[in-house]
Structure formats: C-alpha cells, structure tokens
Amino acid sequence: MRVKTSITLPEDLVRRIDRIDNNRSAFLERASREYLDRLAKAKRDAKDAAILNSQAAALNAEASDVLDYQGLAN
C-alpha cells in the first residue's frame, strides 16, 4: 500500500533529482530504501564489532596457541 505524503526540499536538491530521474517519487523511494538499508547494516556491523571486541583476548589467545602448535609464532 502506498501513502501519499508531502515534503519540502531545497530547490537545488529538487533540480539535482530531476536531472537524474523524472519520477521524483520513485527516486526518493529508492534513495530512502538504500539509506535505511545502510543504517541497518551499520547497526549490525557495530553489534558484530562489539561482540568480536568483547572476545578479542580469548580469540587472540586461541590464535596464539594454534601458531605455537604449528611452530609459526614469533
């Protein structure tokens, strides 16, 4: 279902959009979806980084053990 809405944009931005796509609604929908997808990915990435960082010491110790076992440790 589509919902009609009205927004106010700077004139220069509207001109730039019009140069790319004559269907402003479609352009703004694509741009909004892409931006929201990027935000969601950044949130997931930050969560993953926090998990890795919280486990970094254990992961590094495990990697060190493996390298020692393989005779590759410095």
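Every heavy atom of this structure was used, including side-chain atoms; hydrogens, water molecules and symmetry mates were not.
- The side chain to side chain contact (heavy atoms under 4.5 Å, CB included) check on Glu29 picks up Arg2, Arg33, with sequence neighbours excluded.
- At least one donor-acceptor pair under 3.5 Å links the side chain of Ser32 to the backbone N or O of Leu28.
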Ignoring hydrogens and angles, write down the donor-acceptor pairs under 3.5 Å from the side chains of residues 7-19, residues two or more places apart or on other chains.
from, atom 1, to, atom 2, distance (Å)
Glu11, OE2, Arg15, NH1, 2.8
Asp18, OD1, Arg24, NE, 2.7
Asp18, OD2, Arg24, NE, 3.4
Asp18, OD2, Arg24, NH2, 2.7

For residues 37-52, tabulate all N or O donor-acceptor pairs below 3.5 Å that involve a side-chain atom, not counting sequence neighbours.
from, atom 1, to, atom 2, distance (Å)
Lys41, NZ, Asp45, OD2, 2.7

